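Here the structure comes first, spelled out in structure tokens, and everything after it is commentary.
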Amino acid sequence: MQALYLTSSLRKLEQQYASEPLMERAGHAVATLARTLLAEGHNRILVVAGPGNNGGDAFVAARYLKAWWHEVTVVFAGQRASLPPDAAHAYDGWLECGGEVLNTWPETGAWQLAIDGLFGIGLQRPLTGEMADLVARINALSLPMLAIDIPSGLAADTGVILGTAVRATHTITFLGRKPGLYTLDGPDHAGKVHVDLLGLPPLPEADGTLLDAPFTLPARRRLNSHKGSNGSAGVIGGAASMTGAALLTARAALLLGAGRVYAGLLDPAAPALDADYPELMLRDADQLPTVHALAVGPGMGRSPQAYAALQQALANPAPLVLDADALNLLAADADLQHRLAERASGSVVITPHPGEAATLLATDTASLQADRIASALALAERYQAIALLKGCGTVVATPDGRWWINASGNPGLGSAGMGDTLTGIIVALAAQSLPLLESTLLAAYLHGAAADAAVAHGQGPVGLTATEVMLSARRLLNRWLSTAHAG
Ligand SMILES: NC(=O)C1=CN([C@@H]2O[C@H](COP(=O)(O)OP(=O)(O)OC[C@H]3O[C@@H](n4cnc5c(N)ncnc54)[C@H](O)[C@@H]3O)[C@@H](O)[C@H]2O)[C@@H](O)CC1
Ligand SMILES: [K+]
């Protein structure tokens, strides 16, 4: 788990430590990392410096790399007279050590590495015109690319591309990790992220948290345990022609450790048995026994029966996972919203994808995605529930204003049934008595990590299936448990 900081917090730090030589340290850190990315010996490096302090970092890095006997070409997209004071000082330092500044793109280069110091956290509006052209030229280089602080063009708080953005292979980010590196378009543009604290003491409390490890696990199972000790999970969904979704959720709940799993199916013609998993107990949707945790929505449809099932589920005090059509029903009905509001805060998690989330917030998907953290927080506040907003860099938020971004996962998760599987993992963990927030956070990370492990075994990203992800998740969870409980 790593701390995430919004630009407003980083700006406060910048002011607090204004007397420290932060730019000198930043440039040195860039040059040091650049050196590790290059082969031994003499290299040719392109450095692109922009009009602000990100450009200042780039001039300092260029100076160090030149001092270390590399051949450094600096392209500057700005005016010396308009540079902020530290960056102007760095510019002068570069000239004083014999460096040259080009104001136009060089014809030829044959560089081994490019360094992007065009814009950092001071980017204020979409890149257009000459700046956009410069980014296009940088991206056309097809070189290892080291971005300073954040790939130029990427918004640090949101991961939104402002006009266009540099596609880096590495990003060295200063003082704290920016959420924009980890959600929406950030991961595609940042490459591998390195953090440098610029020699400062431990930073203040984080704004958010990066989920990059299984920080919490269900309790160790006692030898003297039985299926009743491992919790019962219920799944309601599976209307006509959509029973598969509910079965996937139920299977995931079984494979991730619920002692008993009941699937309440809405399709009157639903099979009485899951032939591949006869362990599952299939029932009519209104015939579920009392369970320790309940998931509602996969393949549920929006029929009056689905509505009634959701209404009933909201009266059930068990931890509740609402997914898929349960969310669409909820978004459209004040009575359901009222029933949700009457539940204990934090006893429900809603797991929308961006389209469902936009419906829940009565907005459009583009506006919702423009700030995924704010959107997840708004969902949590509006519905007084834990909100898990799916997508690249899934965001989890709570009604009391905390948020997390999940770092695991890959494009293989973009296929049918993956959301149903995630819902099954959450309900399985909650059934095993892990608190609902912890269940949600662990499930988000586990689901992505399981997909990553499957890809590492050649099962994706192309063609990765939900079934493979749940089997992989079972393996991973057991591995984590055995490591955590060893000894
Ligand atoms: N936060 C910190 O404490 C530190 C920051 N440092 C560096 O300073 C950076 C932030 O510096 P700045 O605040 O000067 O910001 P930037 O260097 O990111 O950019 C600001 C400049 O870009 C211009 N600009 C913004 N958007 C533009 C657009 N769309 N088209 C054209 N011009 C545009 C602004 O007018 C301004 O001149 C960080 O990202 C980091 O690299 C480091 O020097 C070390 C310490
Ligand atoms: K940059």
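Keep in mind it's a predicted model, so treat the numbers as computed, not measured. First listed ligand is number 1; within each ligand, the first listed atom is number 1.
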Quiz item: Under a heavy-atom criterion of less than 4.0 Å, does P51 contact ligand 1?
Solution: yes
Quiz item: Touching ligand 1 at all, R25? Heavy atoms, strictly under 4.0 Å?
Solution: no
Practice problem: Fit a plane to each ring of Y64 and H28, take the angle between them on a 0 to 90° scale, and name the class: parallel (under 30°), tilted (30 to 60°) or perpendicular (over 60°). | Solution: perpendicular
Practice problem: Could you grab the angle centred on the K ion (ligand 2), going from OD1 in N54 to OG in S152, to 10°? | Solution: 100°
Quiz prompt | Evaluation steps, salt bridge (charged side-chain N to carboxylate O under 4.0 Å, His left out), between K66 and E100 | solution = CA-CA 11 Å; K66 185 167 186 295; E100 278 182 48; over 6 Å; no
Checking a contact table here: which protein heavy atom is nearest [atom], and how many Å away?
atom                    : result
atom 8 (O) of ligand 1  : N53 CB, 3.2 Å
atom 13 (O) of ligand 1 : R11 NH2, 2.8 Å
atom 20 (C) of ligand 1 : G122 O, 3.9 Å
atom 33 (C) of ligand 1 : F119 CE2, 3.3 Å
atom 45 (C) of ligand 1 : L22 CB, 3.7 Å
atom 29 (N) of ligand 1 : R125 O, 2.7 Å
atom 9 (C) of ligand 1  : N54 N, 3.6 Å
atom 5 (C) of ligand 1  : E14 OE2, 3.7 Å

Heavy-atom nearest neighbour of [atom] within options [options]:
atom                    : options                : result
atom 42 (C) of ligand 1 : I150, D57, D149        : D57
atom 18 (O) of ligand 1 : G120, G163, P126, A132 : G120
atom 28 (C) of ligand 1 : I172, L162, L127, L198 : L127

Between the K ion (ligand 2) and [X], is there an N, O or S atom separated by less than 3.4 Å?
X    : value
D149 : no
V166 : no
I150 : yes
I148 : yes

Quiz item: Does atom 31 (C) of ligand 1 have a protein non-hydrogen atom under 4.0 Å from it?
Solution: yes
Self-check item: Criterion side chain to side chain donor-acceptor pair (under 3.5 Å) against K178, the qualifying member of D157, T7, D149
Solution: D149
Quiz item: With a cut-off of 4.0 Å, which atoms of ligand 1 are near a heavy atom of Q124?
Solution: 25 (C), 26 (N), 34 (C), 35 (O)
Quiz item: Which ligand 1 atoms does M23 reach within 4.0 Å, using its non-hydrogen atoms?
Solution: 43 (O)
Exercise. Answer yes or no: does an N/O atom from L175 fall short of 3.5 Å to an N/O atom of ligand 1?
Key: no
Practice problem: Output yes when the distance from some N or O of ligand 1 to some N or O of L10 is under 3.5 Å, and no in every other case. | Solution: no
Just so I know, are the side chains of [X] and [Y] near enough to count as touching, which here means a heavy-atom distance under 4.5 Å?
X    : Y    : value
T209 : R402 : no
M470 : I425 : no
D92  : F59  : no
E71  : H42  : yes
R372 : I405 : no
W94  : V72  : yes
V469 : H447 : yes

Quiz item: Side chains of D452 and S408: donor-acceptor distance under 3.5 Å anywhere?
Solution: no
Quiz item: Can you tell me if T351 and D323 form a side-chain donor-acceptor pair at under 3.5 Å?
Solution: yes
Exercise. Can you see which heavy atom on L146 is nearest to which on L33, and at what distance?
Key: CD1-CD2, 3.6 Å
Quiz prompt | Sole residue of V48, L46, L65 in side-chain contact (heavy atoms from CB on, under 4.5 Å) with I115 | solution = L65
